[in-house]
Amino acid sequence: MPRKAALACAALATAGLLASCTSNSTDSGDSGGSTTVSSNDDPGENVVIGFSGPQASHGWMAAINRFAEEAAAQYEDVDLRVAEGTNDPSTQVSHIETFINDRVDAIVLLPTDGAALTQVATQAMEAGIPVINVDREFSDDAAARLTLLGDNYGMGVSAGEYACGLIAEHDLGDDAVIAEIAGIDSLPLTQERSQGFADALATCGQEVDNRVAAEFTVDSGERAASNLLQAAPEIDIVWNHDDDQGVGVKAAFDNAERDEFFFIGGAGSANAMRWIEAGEMEATVIYPATQAGDGIKLARLIAQNRGMSDLVQIEVPRRIVLDAPVVTADNLDQYTPMGFES
């Protein structure tokens, strides 16, 4: 496989968008040499993977758990042990201790609190059990064999770059009115998304004119959006950080009969996909709910002492940051299967 194609294949495989990538094909040319066909999805040694994820109190969180189970179900060589979802760090610590005592082959963990789960994750690593840290980072890199993250800053950059494109395409000018509906302002992820958005807007000479914060819930989204609309009688572009709270945001827009602006969402819910298809939303920026599914796939390879077949590097990388693509009507079909119900 040509190098450029192999790298593209590897990127898709890591994101869980490609069922199988084969980089080394059998070749018995004039030199007499040959290589062995290798694929990440070829059966390997049977492994037990423990998974501890969040309580499904939010559409994105529920999708995290679903994608983890769906990824494991693809492989006959994976026995997935799923702990009950929780938002309590002490309960999650006990889950990991149980996995350690059971001597599972790998642990995939989306921690309720990265700092609070660092010590028990370190204990698992010291016991020889590789830990795949998903979405919320531990406070010590040594607590994980692999850290697999979405890109919060990149989400903001993607939204801001797309907004800049809309401003140029529709000739909105330097005085375009841009609004932002953030999530919980005290969270680093919200701060990173806002910073990325501001940095990207600055490249086209724009800035956020009106900003409100919600709490990643439908009710808070509706309240925040209603306050925004009262404060801004005319808006050109709105970026909402989270499609779950976006259900309430959209309700506020509909109730106020306001649709003069381009509406950009965040995370990639099924609702957002349907709104885009119906022409009621311009775009949404993906924050992958597939992360735990990707973590299961990579935990399997690590536990089987295999690497990613389409990388020259022998080992699975220690850190992977997933992309934050923009979904529009033009590429909707590609991303609709990844949409999660709010």
Item to check | Residue pair P317 / L311, side-chain heavy-atom distance below 4.5 Å | outcome: yes
Checklist entry - Is E45 salt-bridged to R306, cutoff N-O under 4.0 Å? => result no
Checklist entry - Does the distance from a Lys or Arg side-chain N to an Asp or Glu carboxylate O, for K250 and D254, drop under 4.0 Å? => result yes
Checklist outcome for this item: Taken to the nearest 0.5 Å, the spacing of D185 CG from E215 CD works out to 10.5 Å
Checklist entry - If we only count heavy atoms from C-beta on, is the F197 to V285 side-chain gap below 4.5 Å? => result no
Checklist entry - Got T98 and R81 here, is their nearest side-chain heavy-atom distance under 4.5 Å? => result no
Checklist entry - Same cluster for M125 and I302 if Ile/Leu/Val/Met/Phe/Trp/Tyr side chains link at under 4.5 Å? => result no
Next on the checklist: Tell me whether E277 at atom CD has more than 12 heavy atoms from other residues, nucleotides or ligands lying less than 6.0 Å away.
Outcome noted: no
Next on the checklist: For H95 and E84, which I'm curious about, is there any donor-acceptor pair between the side chains at under 3.5 Å?
Outcome noted: no
Item to check | Y162/F262 aromatic ring centres below 6.0 Å | outcome: no
Checklist entry - Which distance, rounded to the nearest 0.5 Å, do you find between the CD1 of I96 and the CG of L117? => result 6.5 Å
Checklist outcome for this item: Heavy-atom nearest pair, P54 first then N65, reads O-ND2, 3.0 Å
Next on the checklist: I need the R318 CZ to L146 CG distance, nearest 0.5 Å.
Outcome noted: 8.5 Å
Checklist entry - Do the charged groups of R193 and D242 touch, with an N to O distance under 4.0 Å? => result no
Next on the checklist: Whether the side chain of T86 engages the backbone of Q55 through a donor-acceptor N/O pair (distance < 3.5 Å, no angle test) should be reported.
Outcome noted: no
Item to check | Linked, directly or transitively: L189 and L110 (ILVMFWY side chains, under 4.5 Å) | outcome: no
Checklist entry - Taking the side chain from R319 and the backbone from D141, do they hold a donor-acceptor pair closer than 3.5 Å? => result no
Item to check | Connected via hydrophobic side-chain network under 4.5 Å: I264 and F216 | outcome: no
Item to check | Within-4.5 Å side-chain heavy-atom neighbours: L322 and L148 | outcome: yes
Checklist entry - When rounded to the nearest 0.5 angstrom, what is the spacing between CZ in F253 and CG in L228? => result 6.5 Å
Item to check | Side-chain donor/acceptor of D77 to backbone N/O of P43, under 3.5 Å | outcome: no
Checklist entry - Which residue pairs satisfy the salt bridge (Lys or Arg N to Asp or Glu O under 4.0 Å) criterion with at least one member in residues 89-110, sequence neighbours excluded? => result none
Item to check | Polar side-chain atom of D209 near backbone of I178 as donor-acceptor pair, under 3.5 Å | outcome: yes
Next on the checklist: Measuring from atom CD1 of I129 to atom CD1 of I49, what distance do you get when rounded to the nearest 0.5 angstrom?
Outcome noted: 12.0 Å
Item to check | Non-hydrogen side-chain atoms of N133 and L109 separated by less than 4.5 Å | outcome: no
Next on the checklist: Within the 3.5 Å criterion, strictly below it, is a donor on Q92 or S52 matched to an acceptor on the partner's side chain?
Outcome noted: yes
Next on the checklist: Quick one about D199 and Q195 (side-chain donor to acceptor, distance below 3.5 Å, no hydrogens or angles considered), yes or no?
Outcome noted: yes
Checklist entry - Can you check whether V326 reaches E161 side chain to side chain, under 4.5 Å on heavy atoms? => result no
Checklist entry - Who pairs with F99 by ring pair (Phe, Tyr, Trp, His ring centres under 6.0 Å), at least two apart in sequence or on another chain? => result none
Checklist entry - Hey, does the Lys NZ or Arg CZ of R300 hover above the aromatic six-ring of Y75, less than 6.0 Å from the centre and inside 45° of the axis? => result yes
Item to check | side-chain hydrogen bond (donor to acceptor under 3.5 Å, both in side chains) between N87 and T112, intermediate numbers included | outcome: CA-CA 6 Å; N87 293 327; T112 55; over 6 Å; no
Checklist entry - Taking side chain as C-beta onward, heavy atoms only, is L298 less than 4.5 Å from I320? => result yes
Checklist entry - Any chance the side chains of T122 and D140 put a donor and an acceptor closer than 3.5 Å? => result no
Checklist entry - What are the two closest non-hydrogen atoms of L301 and G307, and how far apart are they? => result CD1-O, 3.8 Å
Checklist entry - Is the backbone N or O of S220 less than 3.5 Å from a side-chain atom of T217, with the two atoms forming a donor-acceptor pair by type? => result yes
Checklist outcome for this item: Looking only at heavy atoms, the pair that brings L80 and A68 closest together is CD2-O, 4.0 Å
Checklist entry - Is I296 linked to V134 within one hydrophobic cluster, defined over Ile, Leu, Val, Met, Phe, Trp and Tyr using a side-chain heavy-atom separation of less than 4.5 Å? => result yes
Next on the checklist: Checking T147 against E137: is there a side-chain donor and acceptor pair closer than 3.5 Å?
Outcome noted: no
Item to check | Pairs involving residues 160-276, ordered by first then second residue, that meet disulfide (SG to SG under 2.5 Å) (sequence neighbours left out) | outcome: C164-C204
Checklist entry - Given the rule in the ring-ring contact (aromatic ring centres under 6.0 Å, His included) test, do F340 and F67 qualify, once you have shown the distances and angles that lead to the verdict? => result CA-CA 10 Å; F340 56 89; F67 279 116; 8.8 Å; no
Checklist entry - Between H170 (side chain) and L172 (backbone), is there a donor-acceptor pair under 3.5 Å? => result no
Checklist entry - Quick one: are M155 and H241 in side-chain contact, heavy atoms under 4.5 Å? => result no
Checklist entry - Taking a hydrophobic cluster as the set of Ile, Leu, Val, Met, Phe, Trp and Tyr residues connected by side-chain heavy atoms closer than 4.5 Å, whether directly or through intermediates, do W239 and L166 fall within one such cluster? => result yes
Checklist entry - Would you say the side-chain atoms of D243 pair up with the backbone N or O of G265, donor to acceptor, closer than 3.5 Å? => result no
